[in-house]
Amino acid sequence: MLIATWNVNSIQARLPLVLEWLDRRRPDVLLLQETKCLPGAFPRAEVEAAGYQVADHGEGRWNGVAVLSQVGLDEVATGLDLAAPDGRVEARYLAADCGPLRIASVYVPNGRELGHPYFTYKLAFLEELRGRVARELAGGRPFILGGDFNIAPKDSDVFDPAAFVGQTHVSPEERAALASVLGAGVVDLAALPGQTPSYTYWDYRQGFFRRGLGMRIDLLLGSPDVVSAVELVEVDRSPRQAARPSDHAPLTARLTLDSRAGA
DNA sequence: ATGTCACAAACTTTGTGA
């Protein structure tokens, strides 16, 4: 199976690129983040015409997650319905059964600045996520949690660790909260022995992509039965090089799992 | 040198979030 996660920064703006990528790579499942559209506005017909079922959880201008699958899409569930500091509940988590897998798309809050109310919200979200992962694992299926975590797990996951001191995405608090999620029983697939952890995000500004100044903040986490099935985890930079790109590139994992199993 | 992008208000420009 080929599993992918991609923060597209608006599915409306990125639809041509997403359709081209689906046709070229034919992932079994693609997890999306920052769809930035209301449920009724998701370009469902175009994606279905490409051969994918769609589950989306959108809220409009910001956030929004989706699961695209060509191996079945059942038991769809949203979650992590905690309120942001402004009192609104944001669309940041969507899980489904796809073939043999339980799989979830997550968009972790950015956090804005250390000590900001939205930073506290980010940490609270990750604590809720830990509990949610524990419950998904209790379902007994091979489980994958993929998405934009807005955390670089290690200093080697950012282009200049010194430049990030005092910033979000690298703080000990965020890394501890991510470690807590992993402690529920999932593993960072791109960081497995034999794989090469690569940047997944490059700021639009200042030519960061051209200059190779990126961060590894998009992750695929897997349960032990997924880990034992991992063949290759890689970042496909080609859509980041295209015209009108997202600031993130898709992260893919090829697994020795039978997509027909477990239905 | 925060040098880009996307969205939506009620605008051909600005505020917001990333």
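Throughout, a chain's letter reflects where its sequence line sits, starting with A, and its residues are numbered from 1.
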Engineer: Hey, does the side chain of A:R112 come within less than 4.0 Å of B:dT16's phosphate (OP1/OP2), counting only N and O?
Structural biologist: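 The answer is no; no side-chain N or O of A:R112 sits under 4.0 Å from OP1 or OP2.
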Engineer: How is A:Y118 classified with respect to the nucleic acid when contacts are heavy atoms under 4.0 Å: base, sugar-phosphate, or nothing?
Structural biologist: nothing
Engineer: Using atom CG of A:D148 as one end and atom P of B:dG17 as the other, report the distance to the nearest whole Å.
Structural biologist: 17 Å
Engineer: Checking contacts here: which listed nucleotide (B:dC7, B:dT4, B:dT16) is nearest the side-chain heavy atoms of A:Y204?
Structural biologist: B:dT4
Engineer: Take atom CZ of A:F119 and atom P of B:dG17, then tell me their distance rounded to the nearest Å.
Structural biologist: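 Taking CZ of A:F119 and P of B:dG17, I get 18 Å after rounding.
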Engineer: I'd like the C1' distance from B:dT14 over to B:dA10, given in whole Å.
Structural biologist: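 Here B:dA10 and B:dT14 have their C1' atoms 11 Å from each other.
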Engineer: Distance check, C1' atoms only: B:dT12 and B:dA8, in whole angstrom units.
Structural biologist: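 Looking at atom C1' only, B:dT12 and B:dA8 are 14 Å apart.
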Engineer: Taking the C1' atom of each, how far is B:dC11 from B:dT16, in whole Å?
Structural biologist: 16 Å
Engineer: Looking at B:dG17, B:dA18, B:dG3, which one has an atom nearest to any side-chain atom of A:Q206?
Structural biologist: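 When the side chain of A:Q206 is considered, B:dG3 is the closest of B:dG17, B:dA18, B:dG3.
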Engineer: For B:dC5, does either OP1 or OP2 sit under 4.0 Å from a side-chain N or O belonging to A:S10?
Structural biologist: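 Indeed not, no polar side-chain atom of A:S10 lies that close.
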Engineer: Select from A:A13 and A:H248 the residue whose nearest nucleotide in DNA chain B is closer to the 5' end of that strand.
Structural biologist: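 Nearer the 5' end of the strand: A:A13.
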Engineer: Under 4.0 Å between a side-chain N or O of A:R14 and OP1 or OP2 of B:dC5?
Structural biologist: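 Indeed not, no polar side-chain atom of A:R14 lies that close.
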Engineer: I need the CZ-C1' distance between A:F208 and B:dA18, as an integer number of Å.
Structural biologist: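 Value for this atom pair: 14 Å.
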Engineer: Taking the cut-offs as 6.0 angstrom to the six-membered ring centre and 45 degrees off its axis, would you call A:R112 and A:Y118 a cation-pi pair?
Structural biologist: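 Yes - A:R112 lies over the ring of A:Y118, closer than 6.0 Å to its centre and within 45° of its axis.
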Engineer: Atom CG of A:N63 and atom P of B:dA8: how far apart are they, to the nearest Å?
Structural biologist: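 Whole-Å distance recorded here is 13 Å.
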Engineer: Please confirm whether A:F208 and A:F159 have ring centers closer than 6.0 angstrom.
Structural biologist: yes
Engineer: Please name all residues satisfying side chain to side chain donor-acceptor pair (under 3.5 Å) with A:T200, sequence neighbours left out, ordered by chain then number.
Structural biologist: A:D218
Engineer: Count the heavy atoms belonging to other residues, nucleotides or ligands that lie under 6.0 Å from CD of A:Q167, then report whether that count exceeds 12.
Structural biologist: yes
